[in-house]
Amino acid sequence: MTSTDSTPQYFDGPVWAAIISASAGCAAFGLLVDLAEASKSFSNALNFYNPTGDLSGKSTVAVVIWLFVWIVLHACWKHRDMKGSGKLTVIAVILILLALLAVFPPFFGLFAAG
Amino acid sequence: MIFGAGFLLAFSGGFFGLWGLRSDWLTGEGAKRRLCVLAVGTWGMTILAWLAVILGTYVIYPWYRAKPPAIPGVSLADYPKYLLLSDTQTADWHEFGMEWKEHIAWLAPILATAVAAIVTRHGRLLLQRPELRRIVLFLFSTAFLCAATAGLLGALINKAAPTR
């Protein structure tokens, strides 16, 4: 994108920061689901609120990871126009597909602690 | 479920609003107005999605998974999880249905928030950059699919074992 004195310049870095961080947050949530299924002690560690069980920890930690990644990526990319947005698209789609797979019960059931 | 239904209903308007967000289709004033309506709509959907998962996780889910007292012959009607698990014919509603619902629902508000933030702060880029519009539509559609899956499973599970 080019800019002139009269035209404000819009960077796409912040847009990609929002997209990649949301995808990473979803993937982190999926990973936490699978790890909690695989390890009883990890599941217990995520039990932040007993009536809800480990879902409280999985969701809280995933939201914290998502927001942290968003803040970091936004700070790094806020004045950047991202080159190779095709690669970022592929990364975002893969992370979201991994998240969808990771929260599918027949998949995370494969990791069930004995 | 009410929040979920509101989210689902608002999706179609938001989807077509994003789909038609093209600089060659809209005048400057039309684009401004469209972005304003889209921002309100996507934030409305995002708030509904957050309310649905937070209330679902911290209010409804504890009722669902409440443990029955260890008294012989106690009725399981007030303990939906244990009611479902007590019968091999209904156990899958918990082991597959509820396990999927409680997890997939959490993806929706995260994705919806990203879409709402992008529309609000960087909507002008969506007008000019089709590749950005496409990936935002993908996030938006995935948020919808997650919410729809959770909503449908919730309705079916509630039919099999009502949460009172």
Highest number of heavy-atom pairs under 4.5 Å with chain B: which of [options]?
options	value
A:N50, A:L67, A:D12, A:L88	A:D12
A:L100, A:I96, A:T89	A:I96
A:A22, A:G86, A:A62	A:A22

Please look at [X] and chain A and tell me whether the side chain, the backbone, both or neither of the residue comes under 4.5 angstrom of a heavy atom of that chain.
X	answer
B:I135	side chain
B:I118	side chain
B:I110	both
B:T57	both
B:Y58	both

What part of [X] lies closer than 4.5 angstrom to a heavy atom of chain B: side chain, backbone, both or neither?
X	answer
A:V63	side chain
A:S56	both
A:F104	both
A:V15	both
A:T52	both

Heavy-atom side-chain contact between [X] and [Y] under 4.5 Å:
X	Y	answer
A:D54	A:F42	no
A:R80	A:F11	no
B:L126	B:L38	no

- Test ring pair (Phe, Tyr, Trp, His ring centres under 6.0 Å) on B:F144 and B:F15 and set out the steps. CA-CA 10 Å; B:F144 167 75; B:F15 184 87; 8.9 Å; no
- Determine whether the aromatic ring centres of B:H103 and A:F108 lie less than 6.0 Å apart. yes
- Looking at the rings of B:Y82 and B:Y64, which for Trp means the six-membered one, are their centres under 6.0 Å apart?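 Here the rings of B:Y64 and B:Y82 have centres that are no less than 6.0 Å from each other.
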- Among side-chain atoms of B:T113 and B:W43, is any donor-acceptor pair under 3.5 angstrom? no
- Between B:T149 and B:W100, do the side chains contain an N or O donor and an N or O acceptor separated by less than 3.5 Å?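 Distance-only check fails for B:T149 and B:W100.
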- Between B:E99, B:K67, B:E95, B:E131, which residue shows the highest count of heavy-atom pairs closer than 4.5 Å to chain A? B:E99
- Could you check whether the rings of A:W66 and B:W50 sit parallel, tilted or perpendicular, using 30° and 60° as the cut-offs? parallel
